[in-house]
Amino acid sequence: MTFENDLRTAALQAVKDLFGDELKPDSFQVQRTKPEFEGDLTLVVFPLTRLSKKSPEVTGKIIGEYLIAHCPFLDSFNTVKGFLNLRVKNAAWLNMLNEAVTTPDFGIKPVEDDSAPFVIEYSSPNTNKPLHLGHVRNILLGWSVAQILNAAGRKVYKVNLINDRGIHICKSMLAWQKTGNGETPESSGMKGDHLVGKYYVKFDQLLKAEKQELISKGMTEDEAEKNSLLMAEAREMLRKWEAGDTDVIQLWKTMNDWVYAGFHVTYRNLGVEFDKIYYESDTYQLGKKIVEEGLARKVFFKKEDGSVRIDLTAEGLDEKIILRSDGTAVYITQDIGTAKLRYDDYHFSKMIYVVGNEQDYHFKVLKLIIKKLGYAWSDAIYHLSYGMVDLPSGKMKSREGTVVDADELLKDLFSESERITRELGKIDDFDSDLAQALYRTIGLGALKYFLLKVDPEKRMLFNPAESIDFSGDTGPFIQYTFARIKSVLSKAGQTEVFRDYTSVGIPDTYPANKEEKDLIIHLLQFPDTIQEAAQRLSPSLIAQFAFHAARQYNLFYHHHPILDTDQLASSLFRLKLSAFTANILNLSLNLLGIDSPERM
RNA sequence: GGUCCCGUAGCUCAACUGGAUAGAGCAACUGCCUUCUAAGCAGUAGGUUACUGGUUCGAGUCCAGUCGGGAUCACCA
């Protein structure tokens with residue numbers, strides 16, 4: 001909070017001088033004064049009554065008098081119960097504003113190149129089905145957190161880990177082999193990831209049918225699964241894959257390439273990218289190697305059945321399998337390998353995994369294993385655990401078809417933003433390309449804001465019919481505010497007397513009204529908001545900040561004319577404040593991965 | 001069953017390490033476009049923060065228990 005640190009330091013000194021006690025700076029609580037009270041900053045003095053041996057009111061009064069005498073930026077104070085409300089001088093706010101408006105990337109810290117980087121993994125898809133809304137939350141979170149960390153001054157590498165191997169991949173391959181008749185994305189006109197996904201579902205159907213038949217012959221569900229010829233074929237295919245069988249590998253490559261082409265389109269539509277892509281098919285061998293070494297060093301042990309395990313019961317977890325009895329890798333094996341590989345690549349100071357909270361246990365185990373293996377960087381591992389996206393019908397399940405497909409969702413959003421934009425008729429002079437681009441910008445703004453405004457760790461509900469709005473607490477509202485400001489600024493640029501608003505300074509004697517002051521104070525919190533969002537890895541703080549800024553601006557906009565030739569001084573000030581607001585809105589939206597349209 | 005997460009307005013979400021009378025948006029109702037973009041602004045209504053106890057100057061927040069929802073505990077990923 002602006003002036004917060006100064007206030008803390010002064011309060012510390014006050015307590016020392018007045019009561020003779022030395023306190024830690026964080027023993028003071030400073031907060032923004034609630035709107036219903038007079039003041040800008042509030043010091044909570046309840047905890048200090050112990051030292052002052054006086055009532056909260058009196059304690060506040062004593063400290064208030066001290067602070068006014070010692071802090072040049074303070075104006076006056078009042079106390080209500082144990083709350084000491086302090087008013088900051090208008091001139092102090094205006095000086096800060098003046099400095100802020102002349103800083104191009106206000107609030108953005110330049111990246112320290114020499115510090116150890118952060119690595120953030122997000123998306124991490126399987127290559128057997130297209131991306132759905134759950135992945136979209138993951139992808140947007142990862143992207144935004146990376147932007148925020150970067151803005152907070154950290155070097156960040158964005159990486160993706162493709163889960164491209166395993167029995168589930170073989171299932172779609174097998175179904176394609178059996179029923180595909182050589183179908184390709186070209187021949188079918190289907191996006192590659194959707195085509196492969198179709199065969200993944202197909203496999204499930206075939207398997208169900210086969211099991212049904214076996215069950216009708218008197219088998220139980222479990223027996224049917226065990227005796228399924230299809231499952232046997234899938235396992236056999238996996239075995240061949242691991243053995244390097246040319247035909248299987250060829251098919252695997254072909255189908256995975258279809259999927260990658262499809263993912264590429266979705267990533268591009270979402271506006272995200274990666275610095276590096278890891279493939280589990282490349283890392284699982286390293287994982288196995290590390291496990292072998294760990295086994296030799298007795299970090300792991302071999303069970304009678306031949307499987308390799310680690311005993312984590314002392315940590316309150318279980319005995320966890322690391323290698324199957326046939327020596328093949330499980331999920332966590334390749335994660336160990338990937339982690340090591342990444343550390344060698346980047347020597348990160350933090351490795352953030354953006355993965356759903358259904359894998360909390362997995363990451364607890366992974367971190368522990370890495371620690372027990374003796375890697376010093378085990379503490380750098382951090383699981384950014386986010387909540388699932390639920391539908392009104394409950395959890396999304398790929399195989400049951402109860403998912404909101406990412407590509408379809410985007411298509412629907414774009415046509416909805418087109419419908420609304422046309423209805424409003426504000427861009428009738430746009431040519432088709434420009435208009436299409438705007439529909440996308442707005443549609444994406446709506447989706448991204450919707451998914452990012454919620455605290456990452458909380459699960460959230462998505463109702464396809466009504467969740468995405470274009471007014472109220474939404475991305476388009478913020479985008480609209482930005483465009484609205486741009487419109488005013490461009491009008492100003494066409495008028496002689498206003499044109500030079502950029503080059504004049506802000507006089508610290510300007511009599512700012514309530515709406516102007518509230519807006520200024522809020523905007524000046526931007527740098528702190530970025531730091532806090534970075535520290536908590538939470539884009540929702542940026543979203544809230546941006547929404548509040550837009551609301552505050554609109555409030556100001558409605559109460560005060562900006563372009564008023566009779567009030568030139570306030571017009572120039574308001575133009576500067578407007579331009580500053582637009583700048584902050586644009587930077588905030590950027591951190592969320594949202595574009596700011598000049599017009600809408 | 002063990003472990004973990006969650007329960008705030010009709011709905012979706014806020015509330016910084018415990019701080020003032022728990023805030024927004026949507027939906028509902030009322031106003032405001034001859035004036036800088038009405039995707040906006042102003043207003044009305046909506047709450048025993050699931051329940052019961054405890055800790056303290058102060059609890060949505062911390063502790064214990066109850067009820068309800070979810071995740072996880074695989075030689076799946």
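Chain letters run A, B, ... following the sequence lines, proteins first, then strands; residues in each count from 1. Atoms considered below: every heavy atom in the structure, side chains included; atoms not considered: hydrogens, waters and symmetry mates.
- Here A:F83 packs flat against the base of B:A20; its ring centre is closer than 5.5 angstrom to the base's six-membered ring, tilted by less than 30 degrees.
- Nearest-nucleotide positions on RNA chain B for A:V80 and A:N126 put A:V80 closer to the 5' end.
- Separating the C1' atom of B:G40 from that of B:U3 is a span of 50 Å, rounded to the nearest Å.
- With B:A42, B:A38, B:C36 as the candidates, the nucleotide lying closest to the side chain of A:R484 is B:A38.
- Contact annotation: side chain of A:T42 to base of B:A20, donor-acceptor pair present below 3.5 Å.
- If you take CD1 of A:I310 and C1' of B:A74, they are 17 Å apart, rounded to a whole angstrom.
- Side chain of A:N463 to backbone of A:A465: a donor-acceptor contact under 3.5 angstrom is found.
- The 12-atom threshold is exceeded at CZ of A:R499, counting heavy atoms of other residues, nucleotides or ligands nearer than 6.0 Å.
- B:G25 is paired with B:C11 under the Watson-Crick or G-U wobble criterion, all donor-acceptor distances under 3.5 Å.
- Among the nucleotides B:A20, B:C26, B:U12, the one closest to any side-chain atom of A:T33 is B:A20.
- Side chain of A:H559, nearest nucleotide from B:C26, B:A42, B:U21: B:A42.
- Side chain A:S487 to base B:C36: no donor-acceptor pair is found below 3.5 Å.
- Aromatic stacking is not marked for A:F477 over B:G40, as the cut-offs of 5.5 Å for the centres and 30° for the planes do not both hold.
- Against the 90° criterion about 0, the sugar-base torsion of B:C33 places it in the syn range.
- If you take CE of A:M231 and C1' of B:A74, they are 13 Å apart, rounded to a whole angstrom.
- With both pairing distances under 3.5 Å, B:A71 is matched to B:U3 as a Watson-Crick or G-U wobble pair.
- Side-chain atoms of A:L207 and A:M231, non-hydrogen and from C-beta on, do get closer than 4.5 Å to each other.
- B:U44 and B:G23 have their P atoms separated by 14 Å, with the value rounded to a whole Å.
- Between A:K320 atom NZ and B:C76 atom P there is a gap of 11 Å when expressed in whole angstrom units.
- Which of B:G19, B:A24, B:A14 sits closest to the side chain of A:V454 comes down to B:A14.
- Base-pair partner of B:A45: not found among the strands shown (Watson-Crick or G-U wobble, both distances under 3.5 Å).
- Here the nucleotide nearest the side chain of A:D469, chosen from B:U12, B:U72, B:C26, is B:C26.
- In this structure, the NZ atom of A:K171 is 8 Å from the C1' atom of B:C76, given to the nearest Å.
- Residues A:H168 and A:N163 are in side-chain contact: their nearest non-hydrogen atoms beyond the backbone lie under 4.5 Å apart.
- A donor-acceptor pair is defined here as one N or O able to donate and one able to accept, closer than 3.5 Å; no such pair exists between the side chain of A:S228 and the backbone of A:E225.
- Within the 4.5 Å cutoff, side-chain heavy atoms of A:I148 are placed close to those of A:S144.
- The base-pairing partner of B:G65, taking Watson-Crick or G-U wobble contacts with both distances under 3.5 Å, is B:C51.
- Pairing for B:C32 is with B:G40, a Watson-Crick or G-U wobble pair whose two hydrogen-bonding atom distances lie under 3.5 Å.
- Put simply, the side chain of A:N554 and the base of B:A38 share no donor and acceptor less than 3.5 Å apart.
- Where A:L461 and A:A329 meet RNA chain B, the nucleotide closest to each residue was compared, and A:L461 sits on the side nearer the 5' end.
- Comparing B:C6 with B:C51, their C1' atoms are spaced 16 Å from each other, to the whole Å.
- Inter-residue side-chain proximity for A:I332 and A:V365 is flagged as met; some heavy-atom pair is nearer than 4.5 Å.
- Residue-to-nucleotide contacts include no donor-acceptor pair under 3.5 Å from the side chain of A:D473 to the base of B:C13.
- With centres under 5.5 Å and a plane angle under 30° as the test, the ring of A:Y557 is not stacked against the base of B:G40.
- Each of B:A15, B:A20, B:C75 was ranked by its minimum atom distance to the side chain of A:S325; first place goes to B:C75.
- To the nearest angstrom, P of B:A20 lies 15 Å from CG of A:L43.
- The same atom, C1', is picked in B:U17 and in B:U72; the two are 30 Å apart, to the nearest Å.
- With B:C36, B:A77, B:U21 as the choices, the nucleotide that has an atom nearest any side-chain atom of A:K81 turns out to be B:U21.
- For B:U8 and B:U61, the P atoms lie 13 Å apart once the distance is rounded to whole Å.
- Rounded to a whole Å, the CZ atom of A:F547 is 14 Å from the P atom of B:A14.
- For the pair A:N78 CG and B:A20 P, the computed distance is 16 Å after rounding to whole Å.
- Atom P of B:U48 sits at a distance of 12 Å from the matching atom of B:A22, rounded to the whole Å.
- When each of B:U72, B:G40, B:A77 is scored by its nearest atom to the side-chain atoms of A:Q334, the top-ranked nucleotide is B:A77.
- With B:G70, B:U72, B:U21 as the candidates, the nucleotide lying closest to the side chain of A:E358 is B:U72.
- On the P atoms, B:G47 is 28 Å away from B:C67, given to the nearest whole Å.
- Between A:E280 and A:I162 the shortest side-chain heavy-atom distance does not fall below 4.5 Å.
- Atom CG of A:L489 is separated from atom P of B:C36 by 15 Å (rounded to the nearest Å).
- Nearest to the side-chain atoms of A:Q31 among the listed nucleotides B:C36, B:C16, B:U37 stands B:C16.
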